[in-house]
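Here is the structure we will look at.
We count ligands from 1, going down the list as the structure has it; atoms in each ligand are counted the same way. Scope of the values below: all heavy atoms of this structure, side chains included, with no hydrogens, waters or symmetry mates. Position 1 is the first residue of the sequence; numbering continues from there.
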Amino acid sequence: MRPRILVLGTGGTIAGTARSRTGKAYAAGEVALETMLDAVRALGLEAELIPRTIAAIGSQDIGWTEWDALHAAIAEAEDDPSFAGIIVTHGTDTAEETAFLLDLTLPAGKPVVLVGAMRPSDAVGSDGMRNFANAVRLAGDPESAGRGVLVVMADTVFAAADVRKAATANIDAFRGYPRGPLARVTPATLDWFAPAHRIGRPARYAWPEALPRVAILTAGAGMDAKPVEALLGIGCKGLVLAGMGQGNAPRVVIEALAKAAANGVPVVRSARVDEGMVDRNVEVDDDATGLVAARALGPAKARILLMVLIANGVTDAARIQEAFDGR
Ligand code: ASP
């Protein structure tokens with residue numbers, strides 16, 4: 001039987017048009033989901049695709065409204081036995097944030113696959129149809145279940161907790177850390193490198209009523225503590241440091257962050273460096289300052305996890321650290 005797949009459209013470059021096959025400028029989210037699905041159906045894939053438009057935006061504009069609608073639609077489809085899997089079409093700029101947020105708050109049930117494109121739909125060498133066909137292959141395969149939310153780009157499958165956009169323009173712009181790709185996929189083949197490890201696990205965190213304001217502060221040489229004060233002044237409920245090296249910042253900034261932590265605003269130290277672990281008590285004394293080390297999560301994902309934790313009432317540094325240790 002052909003798998004029935006719910007396709008939730010949000011926009012992005014995969015639905016973008018340039019009106020020039022070779023130009024650089026384009027607008028995201030312009031092609032209607034139905035039009036995209038007609039093109040995918042014309043590929044003759046073994047799947048029934050059911051469209052539902054959530055938004056038609058560039059993912060730089062995604063936020064609570066779209067996330068809330070996506071979460072509700074996926075949770076409903078998880079409970080609907082007629083659906084084998086779910087695809088979310090999404091811009092690539094914030095794919096890692098949406099994927100990780102959904103991953104933290106959904107059970108590890110049916111396949112949930114985020115797919116985007118680096119080139120607009122009418123560009124020469126556009127990657128959108130290929131990525132979409134791969135997403136259909138993934139979402140329709142029972143082997144994809146129990147792995148959490150997946151992101152597929154350039155014939156490569158990543159887990160939401162690992163994936164990040166690592167290049168501004170190449171079609172293989174995505175990387176995984178600490179795990180690299182989980183699988184290679186083509187419209188005709190799917191090769192996993194490890195078994196599913198979360199089969200049947202419930203959602204790790206409840207879907208909240210709202211997400212708190214949490215900001216990322218990028219450290220720079222010679223900066224002072226004023227930006228920390230400014231962020232606290234606008235009511236941030238948590239802060240993520242995108243620090244130098246292993247999550248470092250000038251002494252005055254660490255002191256201001258320690259003061260914020262002591263005043264009940266949780267602070268997570270991540271790295272502005274492209275990749276790598278941020279461990280506790282290496283150069284910054286987390287035990288003394290009350291800060292949390294982001295471990296394998298980069299700033300964008302650290303912010304998502306911190307927002308989810310605070311929204312679920314977890315504000316104690318030790319418990320936040322446990323969550324970052326466990327991802
Ligand atoms: N700005 C676009 C977006 O994230 C880029 C893309 O989709 O590749 O929606």
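Numbered from 1 in the order shown, with element, the atoms of ligand 1 that lie under 4.0 Å from a heavy atom of Gly12 read 7 (O), 9 (O). Contact atoms of ligand 1 toward Thr13: 2 (C), 5 (C), 6 (C), 7 (O), 8 (O) (distance under 4.0 Å to a heavy atom of the residue). Annotation for ligand 1: atoms under 4.0 Å from non-hydrogen atoms of Tyr26 are 5 (C). Proximity to Gln60 (heavy-atom distance under 4.0 Å) selects the following atoms of ligand 1: 1 (N), 2 (C), 3 (C), 4 (O), 9 (O). In summary, the atoms of ligand 1 found under 4.0 Å from a heavy atom of Gly58, numbered by their order in the structure, are 9 (O).
On a distance-only criterion, Asp93 and ligand 1 share at least one N/O pair closer than 3.5 Å. Of the N or O atoms in Thr92, one or more lie within a sub-3.5 Å distance of an N or O in ligand 1. At least one N or O atom of Ser59 sits closer than 3.5 Å to an N or O atom of ligand 1.
Comment: Arg179 engages Asp162 in a salt bridge, judged by a side-chain N to carboxylate O separation of less than 4.0 angstrom.
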Run the side chain to side chain contact (heavy atoms under 4.5 Å, CB included) check on Asn134 and Val115 step by step: do they pass?
-> CA-CA 9 Å; Asn134 287 341; Val115 64; over 6 Å; no
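Every residue two or more places apart in sequence or in another chain that forms a salt bridge (charged side-chain N to carboxylate O under 4.0 Å, His left out) with Glu48 is listed here: Arg4.
The main-chain N or O of Trp207 is never found under 3.5 Å from a side-chain atom of Thr105 such that the two would form a donor-acceptor pair.
Within a 6.0 Å radius of CD in Glu283, other residues, nucleotides and ligands contribute 12 heavy atoms or fewer. Atom CZ of Arg213 has 12 or fewer heavy atoms from other residues, nucleotides or ligands within 6.0 Å.
Contacts of Ala117 with ligand 1, taken as heavy-atom pairs under 4.0 Å, involve the backbone alone.
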Give the table of side-chain donor-acceptor pairs shorter than 3.5 Å for residues 135-148, with sequence neighbours excluded, one pair per line with atom names and distance.
residue	atom	partner	partner atom	Å
Arg137	NH1	Asp141	OD2	3.0
Asp141	OD1	Glu143	N	2.8
Ser144	OG	Leu138	O	2.7
Ser144	OG	Asp141	O	3.3
Arg147	NE	Glu143	O	2.8
Arg147	NH1	Ala194	O	2.9
Arg147	NH2	Glu143	O	3.4
Arg147	NH2	Ala194	O	3.4

